[in-house]
Enquirer: 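One structure is given below, represented as structure tokens, and several questions about it will come after.
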Amino acid sequence: PTPVTRYVALHSSKPFKILKADPPKPGITVQIDTLSPSSYRLTLSSILPCRELNGTVLTISTDSATMKQISIPFRVIKEK
């Protein structure tokens, strides 16, 4: 499969910091861009879309009391 890049946007009404972002596979890279004290864009690169990626999660840890950990599931859609 051809590697793809995907984006995640996180926003909150209160300032927070992303402490770390753990991709589901070692080859996936995550770049965290701060847009404001309460807004971030994560760029996930080198994603190889494959069946094994289904059900895995990107885990984001923050310093926010109300969202210490955010889990974003991966879903690979097979082309017809």
Side-chain angles (χ1 to χ4, degrees):
T2 303
V4 296
T5 298
R6 294 294 181 259
Y7 302 91
V8 174
L10 292 177
H11 306 278
S12 177
S13 58
K14 296 182 180 180
F16 71 98
K17 290 183 183 172
I18 292 179
L19 304 175
K20 68 177 182 170
D22 294 319
K25 300 258 184 200
I28 298 173
T29 59
V30 181
Q31 177 182 322
I32 302 168
D33 295 309
T34 304
L35 304 178
S36 75
S38 60
S39 182
Y40 295 86
R41 180 181 59 226
L42 285 73
T43 304
L44 287 76
S45 304
S46 302
I47 302 169
L48 292 174
C50 60
R51 218 177 309 158
E52 293 79 24
L53 204 52
N54 272 327
T56 61
V57 295
L58 167 67
T59 304
I60 302 166
S61 301
T62 76
D63 68 349
S64 170
T66 58
M67 58 176 190
K68 288 259 183 223
Q69 185 170 303
I70 302 164
S71 297
I72 301 174
F74 273 75
R75 189 174 107 191
V76 178
I77 301 171
K78 185 178 179 179
E79 291 186 25
K80 295 182 180 180

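In what follows, residues are counted from 1 in the order of the sequence shown.
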Enquirer: Under 6.0 Å from the NZ atom of K68, do we count more than 12 heavy atoms belonging to anything else shown?
Expert: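 Enclosed: over 12 neighbouring heavy atoms sit under 6.0 Å from NZ of K68.
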
Enquirer: Tell me which pairs pass salt bridge (Lys or Arg N to Asp or Glu O under 4.0 Å) where either residue lies in residues 18-28, with sequence neighbours left out.
Expert: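 Of all non-adjacent pairs touching residues 18-28, those that pass salt bridge (Lys or Arg N to Asp or Glu O under 4.0 Å) are K20-D22.
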
Enquirer: Is R41 paired with D33 through a side-chain N to carboxylate O contact shorter than 4.0 Å?
Expert: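 Salt bridge flag = yes for R41 with D33.
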
Enquirer: If you compare all heavy atoms of S38 against all heavy atoms of F16, which two are closest, and at what distance to 0.1 Å?
Expert: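 Here S38 and F16 meet closest at O-CE2, 3.5 Å.
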
Enquirer: So, S71 side chain and T59 main chain: donor-acceptor pair closer than 3.5 Å or not?
Expert: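 It does not hold such a pair.
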
Enquirer: What are the two closest heavy atoms between I47 and P49, and how far apart are they?
Expert: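 Closest heavy-atom pair between I47 and P49: O-CD, 3.2 Å.
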
Enquirer: Does a donor on one side chain and an acceptor on the other come within less than 3.5 Å for T62 and S64?
Expert: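 No, no side-chain donor-acceptor contact under 3.5 Å.
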
Enquirer: Looking only at heavy atoms, which two atoms of I18 and I32 are closest? And how far apart?
Expert: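 So the two residues come closest at CG2-CD1, 3.6 Å.
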
Enquirer: Do any side-chain atoms of residues 4-14 form donor-acceptor pairs under 3.5 angstrom with protein atoms, and if so which ones, sequence neighbours left out?
Expert:
residue, atom, partner, partner atom, Å
H11, ND1, S39, OG, 2.7
S12, OG, K14, N, 3.2
S12, OG, K14, O, 3.2

Enquirer: How close do P3 and S46 get, counting heavy atoms only, and between which atoms?
Expert: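 Scanning both residues, the minimum pair turns out to be CB-CA, 4.1 Å.
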
Enquirer: Spell out, yes or no, whether L58 and M67 are grouped together once hydrophobic residues are joined by side-chain heavy atoms under 4.5 Å, including indirect joins.
Expert: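 Per the 4.5 Å side-chain linkage, L58 and M67 are co-clustered.
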
Enquirer: Answer whether the closest heavy-atom distance between the side chains of P23 and L44 falls below 4.5 Å.
Expert: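 No, their side chains stay 4.5 Å or more apart.
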
Enquirer: CG of L53 to CD1 of I28: how many Å apart, nearest 0.5 Å?
Expert: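 Answer rounded to 0.5 Å: 5.0 Å.
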
Enquirer: Does any part of the side chain of L42, heavy atoms only, come nearer than 4.5 Å to the side chain of Q31, both counted from C-beta?
Expert: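 Not touching, per the 4.5 Å side-chain cut-off.
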
